[in-house]
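Here the structure is laid out as structure tokens; the discussion comes afterwards.
What you see below is based on every heavy atom in this structure, not just the backbone, and it leaves out hydrogens, waters and symmetry mates. Protein chains get the first letters and strands the later ones, always in sequence-line order, with residue 1 at the start of each.
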2 protein chains.
Amino acid sequence: MKANASPDTIPPRGHEAKRISIMEAAGEVFCRESFAGANIDMIAAEAGVSRQTIYNHHGDKEKLFVAIVRDLTERCNAGIFATISTFPDQPKDLEADLIAFAVRMNRNCVCNRDGKFLRKLIQTEGERYPELFAEWREQGPGRTWPAIAARFARLAHAGFLDIDDPDVAARQFLALANAELQTTFMLGGTPDDDEVLQSATHGVRTFLRAFGKRQPAADAQKHSALAGA
Amino acid sequence: MKANASPDTIPPRGHEAKRISIMEAAGEVFCRESFAGANIDMIAAEAGVSRQTIYNHHGDKEKLFVAIVRDLTERCNAGIFATISTFPDQPKDLEADLIAFAVRMNRNCVCNRDGKFLRKLIQTEGERYPELFAEWREQGPGRTWPAIAARFARLAHAGFLDIDDPDVAARQFLALANAELQTTFMLGGTPDDDEVLQSATHGVRTFLRAFGKRQPAADAQKHSALAGA
DNA sequence: GACGAATTAGACAAGAGTGTCTAAATTTAT
DNA sequence: ATAAATTTAGACACTCTTGTCTAATTCGTC
């Protein structure tokens with residue numbers, strides 16, 4: 001059946017290409033038109049594929065939708081964890097490093113294609129597929145918030161920050177980082193690099209005014225003289 | 001035609017009752033099902049009205065939708081300005097007063113029925129009706145952000161806060177105030193009073209750590225001893 | 001109680017979308 | 001080249017929805 005001369009269980013090749021372009025097109029269309037407003041012919045046209053092929057691959061519209069959301073959830077979480085792993089645990093310049101982190105977070109997880117799509121699909125159809133989005137909630141916010149909070153806790157413990165509740169601080173950090181992008185998000189727009197940087201810069205400055213060490217001792221005095229390593 | 005014995009231009013009574021229940025039901029259904037997913041029979045049933053009555057009142061589905069959004073926009077803006085007018089210009093207890101304001105803002109403008117509906121409709125259908133939502137943008141964020149910023153500027157000028165850019169501060173204030181409500185919003189939920197208070201309290205505390213006067217003079221020393229009036 | 005306006009239920013045509021089926025064309029690997 | 005699998009276009013039945021129409025009923029008012 002499936003065990004050919006090919007090395008592993010991967011099925012034929014052209015298949016996969018079709019599958020991918022269907023997934024991409026479907027994400028785009030579901031996102032733009034909502035589940036009810038999307039129709040299979042639209043997706044087929046956008047994917048450059050015949051309608052029947054979509055039915056061959058995914059069975060029906062609902063199964064296709066679920067597959068899309070699962071796929072997006074997975075990819076987004078991977079991206080978020082990859083970005084979290086770049087958190088500045090040993091910052092040279094705390095402000096600059098946190099700004100850069102906030103920019104990465106926004107660019108790679110919030111403003112990118114997958115992030116935008118997943119967010120919109122969750123908001124639009126979340127109530128209709130409770131268990132699907134419960135899954136997202138557990139895998140996403142349920143694991144990413146604590147991960148970020150742990151990084152901030154470590155930073156505080158190392159004496160770089162003055163934080164009472166790392167969970168609260170983590171949520172506020174991200175809220176501040178995209179405080180100025182909200183209106184753009186509302187209408188489905190994508191902030192450009194400049195807006196992202198602006199928002200991150202203002203957000204991190206405020207964050208540090210709130211949680212930065214007042215007069216650390218001697219070494220965390222920043223932004224006047226740069227003592228290179 | 002319309003000038004009966006009745007005092008002013010208000011048409012018959014039962015009419016208005018129907019109109020209102022149609023508007024309410026339509027808001028609910030459009031919001032729950034999205035424009036494409038909503039159907040007139042659903043709205044009619046939910047409004048306790050016959051399908052034909054909806055067509056009599058609003059012409060067609062699209063006109064009905066536009067009417068709903070216009071109505072929500074108007075009501076929401078009214079609510080926001082009413083709430084802004086309760087901003088603590090002469091705070092007795094800055095932290096407590098700002099928390100109370102943040103709670104009012106969230107409860108009356110963000111978490112209430114109209115706020116939830118308008119936000120979801122904008123996110124879901126915003127791209128499909130550019131001019132309708134441009135209108136919202138001008139009347140809403142375009143006028144409310146500056147209004148709030150002006151209040152913060154005044155507070156800063158009066159010596160209660162240490163703010164560089166009131167526009168940034170205003171956006172960050174609101175971002176902080178509902179930083180902890182985001183996940184709930186995502187799935188269409190409504191935060192309860194406790195969550196709102198928590199989020200506002202944490203948000204305002206952080207806001208004041210960032211923008212509060214460090215050592216004002218003698219009176220703003222809080223949260224250790226309570227000097228009753 | 002009677003009048004006119006508004007509402008109602010139901011039927012209706014027209015259109016759009018889903019999911020299935022078939023036979024031809026194309027791809028992939030042997 | 002040949003055989004198997006996949007894709008394709010098109011037709012199809014079926015369902016759902018929109019928006020119109022009609023005739024009967026209800027409502028508000030005088």
Measure all distances between protein nitrogen or oxygen atoms and nitrogen or oxygen atoms of nucleotides 23-26 of chain D, and list the pairs falling under 3.5 Å.
none

With a 3.5 Å cut-off and sequence neighbours excluded, list the donor-acceptor pairs that the side chains of residues 34-44 of chain B form with protein atoms.
unit_1 : atom_1 : unit_2 : atom_2 : d
S34(B) : OG     : S34(A) : OG     : 3.1
S34(B) : OG     : G37(B) : N      : 3.4
D41(B) : OD1    : R51(B) : NH1    : 2.5

Validation: residues 74-91 of chain A side-chain donor-acceptor distances under 3.5 Å, sequence neighbours left out:
unit_1 : atom_1 : unit_2  : atom_2 : d
R75(A) : NE     : D114(A) : OD2    : 2.7
R75(A) : NH1    : D71(A)  : OD2    : 2.9
R75(A) : NH2    : D71(A)  : OD2    : 3.4
R75(A) : NH2    : D114(A) : OD1    : 3.4
N77(A) : ND2    : Q139(A) : O      : 3.2
T83(A) : OG1    : G79(A)  : O      : 2.9
S85(A) : OG     : A82(A)  : O      : 2.6
T86(A) : OG1    : T83(A)  : O      : 2.6
T86(A) : OG1    : R104(A) : NE     : 2.8
T86(A) : OG1    : R104(A) : NH2    : 3.3
D89(A) : OD1    : R151(A) : NH1    : 3.3
D89(A) : OD2    : R151(A) : NH1    : 2.4

Next item on the list: Can you check each nucleotide of nucleotides 13-26 of chain C against protein heavy atoms at under 4.0 Å and return B for base, S for sugar-phosphate only, - for none, in 5' to 3' order?
Entry: ----SSBBB-----

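Side-chain nitrogen and oxygen atoms of T53(A) include none within less than 4.0 Å of the OP1 or OP2 phosphate oxygen of dT7(D). For K18(B), no side-chain nitrogen or oxygen approaches OP1 or OP2 of dC27(D) to under 4.0 Å. Between H57(B) and dA6(C) there is no side-chain polar atom (N or O) within less than 4.0 angstrom of OP1 or OP2.
Sorted by first and then second residue, the ring pair (Phe, Tyr, Trp, His ring centres under 6.0 Å) pairs with a member in residues 107-139 of chain B read F65(B)-Y129(B); sequence neighbours excluded.
Applying the salt bridge (Lys or Arg N to Asp or Glu O under 4.0 Å) criterion to E28(A), with sequence neighbours excluded, gives R113(A). Applying the side-chain contact (heavy atoms from CB on, under 4.5 Å) rule to T206(A) yields the partners L176(A), Q172(B), A210(B), F211(B); only residues at least two apart in sequence or on another chain are considered. Looking at residues two or more places apart in sequence or on another chain, you find a salt bridge (Lys or Arg N to Asp or Glu O under 4.0 Å) between R107(B) and D193(B). In this structure E62(B) satisfies the salt bridge (Lys or Arg N to Asp or Glu O under 4.0 Å) test with no other residue, sequence neighbours excluded. Residues that satisfy the side-chain hydrogen bond (donor to acceptor under 3.5 Å, both in side chains) test with T183(B), not counting sequence neighbours, are absent from this structure. Legend: residues meeting salt bridge (Lys or Arg N to Asp or Glu O under 4.0 Å) with E33(B), ordered by chain and number and at least two apart, are R128(A).
Residue F65(B) contributes atom CZ, which lies 14 Å from atom P of dT18(D) at whole-angstrom precision. Rounded to a whole Å, the CG atom of L64(B) is 16 Å from the P atom of dT17(D). Per the geometry, CD belonging to E16(B) stands 18 Å off P belonging to dC27(D), to the nearest Å.
When only modelled atom types and interatomic distance are considered, Q52(A) and N56(A) share a side-chain donor-acceptor pair under 3.5 Å. Side chain to side chain, K116(A) and T190(A) meet the donor-acceptor criterion of an N or O pair below 3.5 Å.
Where the helix from dG1(C)-dC30(D) to dT30(C)-dA1(D) starts and where it ends, the local axes point in directions that differ by 40°; five pairs per end, rounded to 10°.
At a threshold of 4.0 angstrom between heavy atoms, the contacts of H58(A) with the nucleic acid are absent.
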